[in-house]
Amino acid sequence: MIESRYQPSEVEPRIYVAWEDAGAFRAERPERAKAEPYCIVIPPPNVTGSLHMGHALNNTLQDILCRFERMRGRDVLWQPGMDHAGIATQAVVERQLMERQQPSSREMGREAFIKRVWEWKAESGGTIISQLKRLGASCDWSRERFTMDEGLSRAVLKVFVALYREGLIYKDKRLVNWDPKLKTAISDLEVQQVESKGQLWHIKYPIEGSGEFIVVATTRPETMLGDVAVAVHPENERLKHLIGKNAILPLVGRRIPIIADDYADPEKGSGAVKITPAHDFNDFEVGRRHGLPLVNIFDAAAHLTLKNNDAFLKDAHPEANLLESLDGKSREAARKWIVEQLQSQGLIEKTEPTTHVVPHGDRSGAVLEPYLTDQWYVDAKTLAQPAMTAVREGKTVFVPPQWEATFFNWMENIQPWCISRQIWWGHQIPAWYGFTRVGTTTLTTSDDELIVAETENEAVDLAEAYYKTPVVVLKSSSDVIPWIEKFQSGKPLDVHPIIRDPDVLDTWFSSALGPFSTLGWPDQTPELKRFYPTSTLVTGFDIIFFWVARMMMMGLHFMKEVPFHDVYIHALVRDERGQKMSKSKGNVIDPLAVIDEYGADALRFTLAAMAAQGRDIKLSSQRVEGYRNFATKLWNAARFTEINGCARDSAFDPRKVQETLNRWIAHETASTADQVTTAIRAYKFNDAAGAIYRFVWNVYCDWYLELIKPVLTGPDGAAKSETRAAAVWALDQILKLLHPFMPFVTEELWRVTGAGRETLLALSDWPSLEGLGDAQAEAEIGWVIDLITSIRSVRAEINVNVALPLAMIKVGDHVWGRAQRWSEFIKRMAKISSVNRIPIPKPGTLQLIVRGEIVGLELAGLVDLAAERARLTKELAKCDADIARVDAKLGNPNFVARAPEEVVEEEKEKREEALTRKAKIAEALQRLEGAE
RNA sequence: GGGCGGUUAGCUCAGCUGGUAGAGCGUCUGCUUUACACGCAGAAGGUCGGAGGUUCGAGACCUUCACCGCCCACCA
């Protein structure tokens with residue numbers, strides 16, 4: 001016996017185990033060897049992560065597609081994976097060390113630290129997997145991959161070396177976005193522009209040999225220590241006379257030229273702009289154009305470094321206390337000190353508040369510095385070309401299509417991708433350096449001694465061939481020290497040291513390979529052959545640049561084919577203020593709490609029902625509650641069939657049903673199956689969810705189950721047994737159609753109602769119900785429904801509850817036949833005592849029009865004649881309005897001439913209907929007058 | 001500054017290639033109708049942000065304005 005309430009918390013874990021035990025999610029099941037493959041590679045969640053609402057939406061949609069295609073008989077591989085998330089994970093572990101007052105990463109050293117991260121991964125890396133399982137994700141977990149596992153790491157190294165050898169990866173010294181908190185370079189995409197309030201200081205720089213000043217404006221006075229010029233626009237009438245002169249940099253005493261450059265916008269700031277090439281991207285370009293020196297004043301933590309700074313000290317005559325006061329200080333402290341000094345010297349012309357955007361690191365939140373370092377870059381521009389071509393040619397399609405524009409916009413302006421990170425957790429760059437000479441404190445390298453190889457052994461071989469001596473691989477930078485002396489001695493070395501680049505790759509570098517690396521590449525595995533290119537990528541628009549574009553580039557370069565045919569871009573689930581949810585903001589809504597309260601099915605259905613293309617989702621718990629109720633409704637419908645002895649009949653054929661009600665439900669079921677199938681195939685998850693919802697609740701439960709009650713409680717016979725079988729058949733179709741959206745409750749019902757089932761619902765066949773359309777049954781039952789609805793409506797309006805006789809007034813044989821056939825049903829559902837055919841209604845009959853026929857509710861003394869006349873008059877007026885509207889259209893010669901014929905016909909039919917209806921109402925009204 | 005999206009019932013949102021506005025929740029009225037009160041039956045509620053235009057006809061198309069949001073660029 002089925003319980004009256006569905007209990008998700010009891011059922012869901014059990015059902016998931018049943019799926020796993022049956023291997024239901026395994027790809028390449030033997031019986032599907034000849035089936036068409038379908039593959040989705042999961043956007044790999046961070047290994048440190050836990051499920052947030054974005055994951056819930058993303059994976060619900062993927063799961064709907066996978067379950068749908070699996071039921072349609074395809075060989076489905078939903079390839080799961082996890083991302084090592086370099087910076088994020090390293091930060092988590094470092095914070096943990098700090099909280100536990102254990103040795104810091106620096107103190108324990110690289111090797112020990114990485115070991116520690118692996119331990120953390122082993123400990124908590126499974127969290128997100130178990131959470132995805134709670135959501136119902138039907139991934140093939142037997143194939144789970146991790147970006148740092150052996151195979152994927154091999155893919156990373158191979159790709160790096162190949163691109164390097166093709167000249168598509170290179171090392172370059174230029175300004176990068178530097179995170180002084182994490183002390184690493186980051187890519188342009190990891191920069192968050194944050195609008196913030198600041199000050200704009202106008203500073204007077206004395207002009208050499210005159211009492212004049214040139215005024216520059218800056219929001220960052222501390223960078224003046226690195227100024228090497230002042231730029232003025234060549235056509236700046238007010239200032240161009242100063243071009244060619246020199247200014248003396250206050251506090252520093254450096255003599256800097258006043259140069260002409262278009263970059264100096266006369267409208268901005270003071271019209272003259274200080275040039276600090278080592279600390280500003282624009283100034284860097286100006287500096288290069290004018291051959292200016294680079295004066296870097298910061299260390300990796302963005303603390304001022306002045307004392308041993310050759311570039312700074314050259315040509316400088318710093319004021320007495322400057323070095324002592326500033327060396328080692330933070331940017332903020334330096335700013336304060338410098339402003340005070342300038343103020344006391346009267347060199348600040350004015351200060352004004354300003355709003356400007358300041359770049360922040362998206363991970364650390366720190367204010368970034370443009371910083372001059374050696375980094376590795378990918379030539380993204382070259383790789384982008386085939387990716388753009390593939391999208392233009394429709395080999396990869398964005399859904400909804402407007403995201404194509406976003407994709408192109410970025411790809412057309414793509415910049416070199418900085419892939420090196422100065423952290424430890426990640427794929428260490430497979431590059432080794434040999435040494436040529438001695439710098440101040442370390443050995444230094446030159447470009448021709450850079451060795452890139454997939455393995456250390458290969459690197460050693462290459463180095464030995466180059467040096468023609470044996471080679472020793474140093475393990476850490478401190479190992480360099482003993483070699484300094486050997487180099488200084490000037491004697492030829494009989495053994496050469498090499499050392500591996502300490503940097504690791506951007507996490508997205510390994511993610512970019514996902515579609516082929518998770519399938520086994522570089523090995524030519526059967527999976528790779530079968531499932532690449534994958535079918536669909538499902539992801540949020542926030543990672544189109546980070547991930548989608550880069551997968552396109554890498555996939556096309558290494559596999560010569562697009563990584564996926566369709567890219568479905570879904571909305572972001574936002575918080576109540578419309579803010580993007582993110583861990584760092586701490587505004588995440590926990591989907592697991594929602595699952596605990598309402599069940600995974602309710603959450604999934606809510607997300608699917610709200611996943612209209614091109615719009616963000618703001619989740620409301622009321623909505624989830626509504627869909628939890630929906631699951632209960634379905635549950636009780638199944639319970640109803642069970643109670644009424646509706647058993648599965650394997651011989652049941654929906655094409656051969658006799659009873660009109662059963663023909664009708666077959667018709668409706670087929671129509672729903674068609675709608676759901678079409679909608680899912682078009683990625684219109686909300687339409688699909690809406691179609692099945694309406695069918696279950698408003699058709700199957702509200703009408704079909706109610707209408708068959710008289711049959712089920714009636715005498716045994718062919719009609720009853722057919723109806724029992726049909727009710728269960730329709731329920732089975734519902735379970736199937738709903739399964740991709742609500743896998744748990746449907747699978748459980750499938751089990752509970754399923755004596756003699758051969759497979760799990762997850763592996764059953766998707767309904768294929770062509771040819772079940774039945775216009776005649778539809779018309780007949782439609783009439784019954786209309787009649788019952790009309791009676792109920794008017795009954796509620798006049799607030800009469802007792803059973804009443806129903807009079808079919810002056811109806812034709814056809815309608816009378818229907819009335820007789822359905823009288824039992826009408827009596828039951830509309831609370832009617834008897835159904836009679838009469839020519840003239842008795843006095844006190846309330847008359848209503850149903851599909852052009854007058855039916856009467858015999859109220860005897862209960863009817864209020866005045867109220868009834870008012871009601872009919874109102875209906876008549878409404879009818880007149882309808883006729884007037886249609887007449888206006890049909891009376892317009894333009895309409896008749898220009899509108900399509902079928903539209904005109906439709907209007908004419910409407911007119912006919914309205915006229916008939918009007919006549920009937922008039923008739924009823926007239927009769928009423930007579931009665932009075 | 002460049003681009004994109006939004007503005008529809010009290011709330012959250014649907015509305016496909018133009019043909020007299022829909023759902024869920026909420027509200028109101030009435031229901032122990034033997035599957036379900038996480039329910040049943042009914043009802044109220046919208047000049048579809050403003051203004052122009054195209055069209056026989058516009059919530060849907062065009063122009064423009066207003067407000068909200070997002071992405072990209074920009075430390076003068």
Side-chain angles (χ1 to χ4, degrees), chain A residues 2 4-6 188 193 196 198 200-202 216-220 223 231 263-265 267-274 279-282 354 356-359 367-370 402-403 405-406 409-410 413 541-542 544-545 572 574 577-580 598 602 606 609-610 612 614-623 625-644 682 684 686-687 690 693-694 701-702 705-706 709 713 789 792-797 799 801 828-831 882 885-886 889 892-900 902-904 906-907 910:
Chain A
I2 304 176
S4 79
R5 285 276 173 90
Y6 169 62
D188 299 350
Q193 301 290 355
S196 48
L200 188 61
W201 286 274
H202 293 250
V216 297
T218 180
T219 56
R220 305 195 54 195
T223 63
Y263 168 64
D265 183 343
E267 303 300 318
K268 277 178 160 177
S270 63
V273 58
K274 61 195 273 306
H279 297 295
D280 183 283
F281 289 101
N282 290 310
T354 181
H356 57 152
V357 285
V358 179
V367 175
L368 300 177
E369 283 294 336
Q402 65 257 32
W403 292 109
T406 307
N409 188 37
W410 189 66
N413 301 301
F541 63 80
D542 52 329
I544 290 178
F545 305 146
L572 243 47
R574 294 180 183 275
R577 290 177 304 171
Q579 294 266 308
K580 182 176 165 180
Y598 300 107
T606 308
M610 295 182 84
R615 189 155 178 161
D616 288 339
I617 294 177
K618 277 190 256 169
L619 201 65
S620 105
S621 65
Q622 281 188 327
R623 195 80 188 250
E625 192 180 327
Y627 292 122
R628 185 273 317 267
N629 297 351
F630 176 58
T632 308
K633 182 75 179 176
L634 172 71
W635 186 261
N636 277 293
R639 192 162 155 248
F640 172 83
T641 60
E642 187 195 50
I643 288 167
N644 284 283
K684 295 189 174 174
N686 58 321
D687 286 350
Y693 181 94
R694 283 190 302 273
C701 291
D702 285 351
L705 292 186
E706 292 301 327
K709 277 178 181 174
T713 54
T789 305
R792 281 172 173 174
S793 175
V794 75
R795 209 187 239 299
E797 208 174 306
N799 206 7
N801 254 324
R828 182 187 174 103
M829 295 188 69
K831 211 168 183 184
D882 283 348
R885 195 176 318 107
V886 178
K889 270 194 183 181
N892 181 343
N894 275 329
F895 175 76
V896 181
R898 300 193 192 188
E902 60 272 23
V903 176
V904 177
E906 222 172 276
E907 291 298 322
K910 273 186 206 164

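First the proteins, then the strands, lettered A, B, ... as listed; each starts at 1.
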Handout entry: Phosphate OP1/OP2 of B:U33 contacted by A:K709 side-chain N/O (<4.0 Å)
Key =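 No, A:K709 has no side-chain N/O under 4.0 Å of OP1/OP2 on B:U33.
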Handout entry: A:S793 side chain near B:A43 phosphate (N/O to OP1/OP2, under 4.0 Å)
Key = yes
Handout entry: Whole angstrom value for the distance that separates C1' of B:G5 from CZ of A:F541
Key =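 Whole-Å distance recorded here is 9 Å.
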Problem - Ring geometry between A:Y6 and A:W635 (parallel below 30°, tilted from 30 to 60°, perpendicular above 60°) - result: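 If you compare the ring of A:W635 with that of A:Y6, the planes turn out tilted.
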Exercise for the section: Determine whether any donor atom in the side chain of A:R623 lies under 3.5 Å from an acceptor atom in the base of B:C25, or the reverse, and answer yes or no. Expected result: no
Problem - No-H, no-angle donor-acceptor pair, A:E706 side chain to B:A41 base, under 3.5 Å - result: no
Base, sugar-phosphate or nothing for [X]? Non-hydrogen atoms, less than 4.0 Å.
X      : result
A:N892 : sugar-phosphate
A:V273 : base
A:R792 : sugar-phosphate
A:T223 : nothing

Nearest to the side chain of [X], heavy atoms from C-beta on, is which of [options]?
X      : options             : answer
A:N686 : B:G24, B:G42, B:A14 : B:A14
A:D702 : B:A35, B:A41, B:G24 : B:A41
A:F545 : B:C72, B:A76, B:A35 : B:C72
A:N799 : B:C74, B:G24, B:G30 : B:G30
A:Y693 : B:C74, B:G24, B:C70 : B:G24
A:N629 : B:G42, B:C38, B:A35 : B:C38
A:Q622 : B:G26, B:A76, B:C38 : B:G26
A:T789 : B:A35, B:G42, B:C38 : B:G42
A:A264 : B:C40, B:C74, B:A76 : B:A76

Practice task
Take atom P in B:C67 and the same atom in B:G50, then report the distance between them in whole Å.
Solution key: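 Taking atom P in both B:C67 and B:G50, they lie 16 Å apart.
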Exercise for the section: In sequence, state the C-alpha distance, the side-chain angles, and the governing distance for A:Y598 and A:Y627, and then conclude on ring-ring contact (aromatic ring centres under 6.0 Å, His included). Expected result: CA-CA 9 Å; A:Y598 300 107; A:Y627 292 122; over 10 Å; no
